[in-house]
Novice: 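Please see the structure below; I have some questions.
Convention: sequence-line order gives letters A, B, ...; per-chain numbering from 1. We use all heavy atoms of the structure for the numbers below, so side chains are in, but hydrogens, waters and symmetry mates are not.
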Protein chains: 2
Amino acid sequence: MVSRVESAAATRRALVDAAAELLDEGGPDAVTLRAVGGRAGVSRGAPYGHFPDKEHLLAAVATKSWEAVGEQLDALITDRGQAPSERLEQALTGLMEVGRRHPHAYALMFAAPTAEHPEAVAAVSRTHDQFLTIIADVIGDPQRARPIGGLLMSSVHGIVAMENGGHLTPEKWQTTGDELVKLLIDRIA
Amino acid sequence: MVSRVESAAATRRALVDAAAELLDEGGPDAVTLRAVGGRAGVSRGAPYGHFPDKEHLLAAVATKSWEAVGEQLDALITDRGQAPSERLEQALTGLMEVGRRHPHAYALMFAAPTAEHPEAVAAVSRTHDQFLTIIADVIGDPQRARPIGGLLMSSVHGIVAMENGGHLTPEKWQTTGDELVKLLIDRIA
DNA sequence: TCATTCACATGACAACGTCACACGAAGAGC
DNA sequence: GCTCTTCGTGTGACGTTGTCATGTGAATGA
C-alpha cells in the first residue's frame with residue numbers, strides 16, 4: 001500500500017508540518033532540527049534526507065504558508081457573488097489575519113527568500129499575481145493597478161509588522177490595525 | 001585621566017558599536033559574542049559584565065539606531081526653513097534610507113522589543129513622538145494626525161520591509177519604493 | 001601600604017547544525 | 001524464492017555558539 005517514495009513524501013510533509021507547528025508555538029528558537037525530527041517521528045538527522053540544510057526546510061515552511069494564502073485568494077476570486085471592492089478588503093484583512101494568527105510564520109514569509117529557494121520565490125510570485133488580479137478588478141485599468149497593488153500590499157504588510165512588533169499601540173497612534181486598513185483602502189484603492 | 005567607570009562605559013560603547021558593525025557587514029549570523037568581543041578588543045566573556053545576555057546587547061543596538069533616527073528628526077524639526085510637507089517627506093525618506101543602508105539593523109529596530117528592554121521601548125516611543133510632531137504640522141488637527149501618522153509610519157515601514165525582503169520587485173509591481181512613498185504622501189497626508 | 005572592588009580573561013558545559021558512516025527494509029532481476 | 005541494489009533513516013562525532021563559574025590583576029580608598 002505505502003510505497004517507498006510515498007512514505008518518503010509523507011515524511012517530508014511531516015517535517016514541514018512539524019517545523020510550522022514548532023514555529024507557531026515557540027517562535028524561531030523552538031525550531032531545532034532535533035525538535036522537528038522528534039515531532040515528525042524521525043531522528044535528528046532524517047531531515048537531511050529531504051533538505052540540504054535547515055534554511056531549505058524553513059523555505060519549505062514559507063512556501064507552504066504562501067500557498068495557503070493563495071488558496072484563500074483562489075476561493076475569493078472564484079466566488080463571483082460579491083463586489084470587487086469587497087473582495088479586495090477581504091483579501092487584505094485575510095492576509096492580516098494570517099499575520100496575527102501565525103506571527104512567526106508570517107515573518108518567515110516576508111523574510112528575504114534567497115535565489116537558492118526557487119519554489120519559495122515562485123509561490124510568492126503566484127500569490128502576488130492573485131492579489132493583482134483582485135486589485136485590477138477594483139481599479140479597472142490593469143496598468144495602474146500594479147503600483148496601487150504594490151502600495152496596498154506593502155502598507156498592509158507594514159501594518160501587520162508594526163502590530164506584531166508591538167509598534168502600533170493604540171495609545172500612541174489612537175487607532176488600530178483594522179481601522180488603518182479601512183482608511184488605506186478608502187484613500188488608495 | 002581615564003577612570004575605571006569611564007573605561008567601563010567606553011567598553012560598553014565599543015561592544016555596541018562592534019555589534020552594529022558586524023550586523024551591517026554580515027547579518028545576524030555574524031553577530032556572535034566572540035566576534036563582538038574580538039572587535040571591541042576584549043574577550044568573549046566580557047559582554048556579560050555589561051549586558052545580562054546577547055538579547056540585551058542587541059536591544060542596545062536597536063536603541064542606538066532609533067536614537068540616530070531621532071537625531072535626524074530633531075534636526076528636521078529644528079530647521080524652520082522649509083515647509084511642513086517637505087519636512088514630512090524628508091522624515092519618511094530618511095527612515096527609508098536608513099532601512100536601505102542598514103537593512104539588518106533596520107530589521108532589528110522593528111523586531112518586537114520585549115518589556116525587558118525599557119530603554120529600547122523608550123527610544124522607539126520618543127522617535128515616534130517626533131514623527132507625530134512633524135505630521136501634526138502638516139495635518140493641522142493633532143487629533144487627526146495620530147491615525148494618519150500611524151498609517152504613514154506603517155506603510156513606509158512596509159515598503160522598506162518589502163524592498164529589503166526582495167518582495168517589491170519593479171517587474172512585478174511596475175513601481176519603486178520611492179514612487180510608492182510619494183504616492184502615499186499624496187493620498188494620505 | 002594594604003585591603004577591596006570590579007572589569008576582564010579563561011576554562012568548561014550543554015545545545016545546536018552538520019557530516020560521515022552504518023543499518024535495514026523495500027524493490028528489481030533472475 | 002533468493003540475491004543484489006537502492007535509499008531513507010539512525011547514530012556517533014565535530015566545531016561553534018551562548019552562558020556560567022572561577023580566577024586574576026589593576027585601579028581605588030583608607
Novice: Looking at C:dG17, D:dT19, D:dG10, which one has an atom nearest to any side-chain atom of B:Asp53?
Specialist: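 Of the candidates, D:dT19 comes closest.
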Novice: Within the 3.5 Å criterion, strictly below it, is a donor on A:Gln82 or A:Gln90 matched to an acceptor on the partner's side chain?
Specialist: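 The criterion, which ignores hydrogens and geometry beyond distance, is satisfied for A:Gln90 and A:Gln82.
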Novice: Report the distance from atom CZ of A:Arg34 to atom P of D:dG12, rounded to the nearest whole Å.
Specialist: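 Distance, rounded to whole Å: 12 Å.
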Novice: Output the single nucleotide from C:dA9, C:dA7, D:dG18 whose closest atom is nearest the side chain of B:Leu33.
Specialist: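 For the B:Leu33 side chain, the nearest candidate turns out to be D:dG18.
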Novice: Decide, yes or no, whether a salt bridge links A:Asp186 with B:Arg187 under the criterion of side-chain N to carboxylate O below 4.0 Å.
Specialist: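 Salt bridge between A:Asp186 and B:Arg187, a charged N being under 4.0 Å from a carboxylate O: no.
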Novice: CG of A:Asp29 versus C1' of D:dT17: gap in Å, rounded?
Specialist: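 From A:Asp29 CG to D:dT17 C1': 13 Å.
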Novice: To the nearest angstrom, how far is B:Phe51 atom CZ from D:dC20 atom C1'?
Specialist: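 So the CZ-C1' distance, B:Phe51 to D:dC20, works out to 18 Å.
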Novice: Calculate the interatomic distance between A:Leu57 atom CG and C:dT18 atom P; express it in whole Å.
Specialist: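 Atom CG in A:Leu57 sits about 10 Å away from atom P in C:dT18.
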Novice: Less than 4.0 angstrom from a charged side-chain N to a carboxylate O is my criterion; do A:Lys172 and B:Asp129 meet it?
Specialist: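 Salt bridge between A:Lys172 and B:Asp129, a charged N being under 4.0 Å from a carboxylate O: yes.
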Novice: Taking any heavy-atom pair under 4.0 Å as a contact, classify A:Val31: base, sugar-phosphate, or nothing.
Specialist: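 Contact class for A:Val31: sugar-phosphate only.
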Novice: From NE2 of A:His56 over to P of C:dT18, roughly how many Å is that when rounded to an integer?
Specialist: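 Nearest whole value for this atom pair: 11 Å.
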Novice: Would you call A:Arg80-A:Asp137 a salt bridge at under 4.0 Å N-O?
Specialist: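 Yes.
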Novice: Is A:Thr11 touching bases, backbone alone, or none of the nucleic acid, heavy atoms closer than 4.0 Å?
Specialist: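 Sugar-phosphate contact only.
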Novice: Take atom NE2 of A:His50 and atom C1' of C:dT18, then tell me their distance rounded to the nearest Å.
Specialist: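 So the NE2-C1' distance, A:His50 to C:dT18, works out to 16 Å.
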Novice: Just checking B:Gly45: base, sugar-phosphate only, or nothing, at a heavy-atom cut-off of under 4.0 Å?
Specialist: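 If one applies the 4.0 Å heavy-atom cut-off, B:Gly45 turns out to touch a base.
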Novice: Thinking salt bridges, do A:Asp17 and A:Lys64 make one under a 4.0 Å N-O criterion?
Specialist: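 Looking at A:Asp17 and A:Lys64, the cut-off is met.
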Novice: Please confirm whether any donor atom in the side chain of B:Arg44 sits under 3.5 Å from an acceptor in the base of D:dG18, or the reverse.
Specialist: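 Between D:dG18 and B:Arg44, which were checked side chain against base, a qualifying N/O pair under 3.5 Å is absent.
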Novice: Assign each of A:Tyr48 and B:Ala46 to its nearest nucleotide of DNA chain C by heavy atoms, then name whichever residue's nucleotide is nearer the 5' end.
Specialist: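 Looking at the nearest nucleotide for each, B:Ala46 comes out on the 5' side.
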Novice: Have a look at B:Thr32 and say if it touches a base, only the backbone sugar-phosphate, or nothing, with a 4.0 Å heavy-atom cut-off.
Specialist: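 The residue B:Thr32 makes sugar-phosphate contact but no base contact.
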Novice: From CG of B:Leu22 over to C1' of D:dG18, roughly how many Å is that when rounded to an integer?
Specialist: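 Computing the B:Leu22:CG to D:dG18:C1' distance gives 16 Å.
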